[in-house]
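As structure tokens, the structure follows; a few thoughts come after it.
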Amino acid sequence: MSHDIAYIDGQFVPIDEATVHVFDLGLVLGAAVTEMIRTIDHEPFHLDEHMDRLYRSLKAVGFPTRPE
């Protein structure tokens, strides 16, 4: 059993329960915003800077940051 999780539609779910809608823009058009973060001793490194960059990127491509 995997302990990996996914964040789907505002919820964290076990990776084996994660699903994507067939009309999802990432699936249909390849639209994506990614952000990688390093951890040290399981703690995010420079989390605020990563989150700022992620939100700037989401805004730039017009992706919503809150569920509608």
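What's counted below: heavy atoms across the whole structure, side chains too, no hydrogens, waters or symmetry copies.
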Margin query: Enumerate the salt bridge (charged side-chain N to carboxylate O under 4.0 Å, His left out) contacts for residues 34-63, please, sequence neighbours excluded, ordered by first and then second residue.
Written below: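 For residues 34-63: Glu35-Arg53.
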Cluster overlap [X] with [Y], hydrophobic side-chain contacts below 4.5 Å:
X	Y	result
Leu54	Val61	yes
Phe63	Met51	yes
Leu58	Val20	no

Next item on the list: Could you pull out all residues at least two apart from Ala18 that satisfy side chain to side chain contact (heavy atoms under 4.5 Å, CB included)?
Entry: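 Ala6, Ile8, Val13.
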Margin query: With ring-ring contact (aromatic ring centres under 6.0 Å, His included) as the rule and sequence neighbours excluded, what pairs involving residues 30-58 come up?
Written below: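 Of all non-adjacent pairs touching residues 30-58, none passes ring-ring contact (aromatic ring centres under 6.0 Å, His included).
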Considering only distance and modelled atom types, tabulate donor-acceptor pairs under 3.5 Å from the side chains of residues 21-29, sequence neighbours left out.
unit_1	atom_1	unit_2	atom_2	d
His21	ND1	Phe23	N	3.0
Asp24	OD2	Gly26	N	2.9
Asp24	OD2	Leu27	N	3.3

Margin query: Ignoring hydrogens, what is the shortest heavy-atom contact between Ser57 and Val33? Give both atom names and the distance.
Written below: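 For Ser57 versus Val33, the nearest heavy atoms are CB-CG1, 3.5 Å.
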